Enquirer: 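Submitted below is the structure of interest, expressed as structure tokens.
None of these values were measured; they are calculated from a predicted model. Protein chains get the first letters and strands the later ones, always in sequence-line order, with residue 1 at the start of each.
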Amino acid sequence: MSKQLVVSSTINGEEVEFLTEPQQSLLECLRDTLGLTGSKEGCNDGNCGACSVLIDNRLVNACLVLGIEIDGKDVITVEGLANAHELHPVQEAFVLEDGLQCGYCTPGFVVATKALLDRNANPTEDEIRFWLAGNLCRCTGYDKIVRSVRLAAQLMNDSREEV
Amino acid sequence: MKTFNYEAPSTIDQAITLMSENSGQVLLLAGGTDLLVQLRSSNQDIDLVMDVKGISELNQINYDEVSGLVIGAAAPCSQIYESVPVLENFPSIIDAATIIGGKAIQNRASFGGNLCNASPSGDAIGAMMSLGAMCSVVGLDGVRNIPIEQFCIAPGKNALASGEMLISIQIPPPRLNSGANYLRFTPRAEMDIAVAGVGASIELNSDLDRILSACIALVAVAPTPVLAAAASASLIGKKPIISAFEEAAGAAKESINPITDVRGSAAQRKHLIGVLTRRCLELAANRAGYVSCKGE
Ligand SMILES: Cc1cc2nc3c(=O)[nH]c(=O)nc-3n(C[C@H](O)[C@H](O)[C@H](O)COP(=O)(O)OP(=O)(O)OC[C@H]3O[C@@H](n4cnc5c(N)ncnc54)[C@H](O)[C@@H]3O)c2cc1C
Ligand code: FES
Ligand code: FES
């Protein structure tokens, strides 16, 4: 067995310490070690986006990152979006617009959408489709996902105005 | 994935020492978008994976009007296309950085990794090659520079000696009245690998009606990205008009002998190189300031 390395990082706002073997991906660490099974394994080679997470606020594929690489970093997974009482506006929008069927791709789309709307509050349809090009969905045909993203933008803009 | 040791040095010296002290196989990790995929499907025994992203020289993007652009080997595409001097001076670098993978890949994938991976279809390699880039490499014996067209020597093989690593890529400042472009053909507009790609740069005279110099690089049509020397030379002294670009496109087509594989046939690739070279030269000339007149 190879040596275990200690990783200290902030995941969904909480400081965590865990052990990893050097060859374990961040996706394996999240799912198998930390029990955060929201991020999914679709392809395990960077093509489907089901494992999308944010590292230091940047969208990445957790299957193409080693667990050890997040030492000292800030990670957000789909589990970190909702608070105890309510869904994140992006999640709410996917529910309201039926942006999912089987749901396997959804955590990835939700995280990727949050990354988009944090940078661009009013994306055009083209910008939405290009931004989500790295996320694959076998069920919805994408139109409902695009509509979900538009509604999410609106919900997030509305809540900003209320503050 | 087979297991290995992991180190993340923070200086070039530490990295060189780690490489020289390790008798087994050492692999360098930048964004991991090639490396992790390869490690998963490989049976090779790896001693050490050395993450080079923590070394500051490999992360920098610097621009100086005299010495040009320095792209740290591990700087990801998103850092490159968010850099103001790159946006202002190197449009073909932006072309390449924005078509590699999707957003999540672009936040990791580096130009240095693209180059060291030495894939025939490396988009960043094609864009950098047509700009006359120079690769800065360091090893136990110190630093040496390798012209980018000599860096890739076979599919997946680069010119680095054992114990050497790429630090940065240098691109000369854009000349007056010059423009550059990178174009590729993929069945899907994004998240796909080039069937064929063309990078071109062109320099015009001050009246913008003659070509002073040009450089064309071809991607995915040879064992490595290659320069199309005859096609580039054919443009010198010509007017920057379609007929000249078509002649150069013909020469580019003649210069290659591509293979047929899952992405496309040899005949399709030849055809694509003709079309892409012409279009790429036109766009580069437009970026150099040339406004084409109808019929020319
Ligand atoms: C979904 C997906 C889509 C992709 N789309 C494209 C595309 O459209 N166009 C394209 O060209 N490529 C594409 N790629 C391939 C890949 O993303 C690029 O080649 C990328 O630029 C590699 O950079 P990296 O930083 O991830 O390299 P890594 O994977 O970290 O490294 C690549 C290779 O270079 C070596 N290396 C890294 N840094 C150094 C160094 N400083 N010195 C010496 N050796 C070094 C590594 O050991 C490894 O062999 C895609 C990959 C995926 C997974
Ligand atoms: S599982 Fe990571 S991109 Fe598909
Ligand atoms: S909802 Fe089934 S894959 Fe997207």
Enquirer: Count the heavy-atom pairs under 4.5 Å between each of N61(A), N44(A), V53(A) and chain B, then report the option with the highest count.
Expert: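 If we count pairs closer than 4.5 Å to chain B, N44(A) comes out on top.
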Enquirer: For atom CZ of R129(A), decide whether the heavy atoms of other residues, nucleotides or ligands shown that lie under 6.0 angstrom number more than 12.
Expert: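 Enclosed.
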Enquirer: Side chain from CB out, backbone as N, CA, C, O: work out which of these in K2(B) comes under 4.5 Å of a heavy atom of chain A, or both, or neither.
Expert: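 Just its backbone gets close to chain A.
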Enquirer: Rounded to the nearest 0.5 Å, how far apart are CG of L132(A) and CE of M191(B)?
Expert: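 Rounded to the nearest 0.5 Å, the CG-CE separation comes to 11.5 Å.
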Enquirer: Between R119(A) and E82(B), is a salt bridge (charged side-chain N to carboxylate O under 4.0 Å, His left out) present by the stated rule, with each step listed?
Expert: CA-CA 13 Å; R119(A) 275 167 193 73; E82(B) 285 168 12; 5.3 Å; no
Enquirer: Using non-hydrogen atoms only, which part of D71(A) is less than 4.5 Å away from chain B: side chain, backbone, both, or neither?
Expert: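 No part of D71(A) comes within 4.5 Å of chain B.
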Enquirer: Using non-hydrogen atoms only, which part of L66(A) is less than 4.5 Å away from chain B: side chain, backbone, both, or neither?
Expert: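 L66(A) touches chain B through backbone and side-chain heavy atoms alike.
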Enquirer: Could you check whether any side-chain heavy atom of L39(B) comes within less than 4.5 Å of a side-chain heavy atom of Q23(A), counting everything from C-beta outward?
Expert: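 Sidechains of Q23(A) and L39(B): no contact.
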Enquirer: Using heavy-atom distances under 4.5 Å, tell me whether N47(A) contacts chain B through its side chain, its backbone, both, or neither.
Expert: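 Interface part for N47(A): both.
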Enquirer: To the nearest 0.5 Å, tell me how far K3(A) NZ sits from T3(B) OG1.
Expert: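 Atom-to-atom, K3(A):NZ and T3(B):OG1 are 9.5 Å apart.
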Enquirer: Answer with side chain, backbone, both or neither: which region of V65(A) has an atom nearer than 4.5 Å to a non-hydrogen atom of chain B?
Expert: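 Looking at V65(A), backbone and side chain both touch chain B.
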Enquirer: Check each atom of L29(B) against the heavy atoms of chain A and say whether the ones under 4.5 Å are side chain, backbone, both or neither.
Expert: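 Side chain only.
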Enquirer: Is any side-chain heavy atom of I68(A) closer than 4.5 Å to a side-chain heavy atom of D51(B)?
Expert: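 A side-chain contact under 4.5 Å is absent here.
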Enquirer: Please report the interatomic distance CZ(F4(B)) to CD(E21(A)), rounded to the nearest 0.5 Å.
Expert: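 Interatomic distance, F4(B) CZ to E21(A) CD, rounded to 0.5 Å: 10.0 Å.
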Enquirer: Let's test your reading of the structure: which of A133(A), A112(A), G49(A) forms the most heavy-atom pairs below 4.5 Å with chain B?
Expert: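 Most heavy-atom pairs under 4.5 Å with chain B: A133(A).
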Enquirer: In Å, rounded to the nearest 0.5 Å, how long is the span from CG of D45(A) to CZ of R40(B)?
Expert: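 The CG atom of D45(A) sits 8.0 Å away from the CZ atom of R40(B).
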Enquirer: Less than 4.5 Å apart, side chain to side chain, heavy atoms only: is that true for R58(A) and P76(B)?
Expert: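 Heavy-atom side-chain distance check fails, nothing below 4.5 Å.
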Enquirer: Taking the side chain as C-beta and beyond, is there a heavy-atom pair between L59(A) and Q106(B) under 4.5 Å?
Expert: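 In short, these two side chains do not touch, never coming nearer than 4.5 Å.
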Enquirer: Would you sort out whether L64(A) and I105(B) count as a side chain to side chain contact (heavy atoms under 4.5 Å, CB included), showing the intermediate values?
Expert: CA-CA 9 Å; L64(A) 292 187; I105(B) 296 289; 3.8 Å; yes
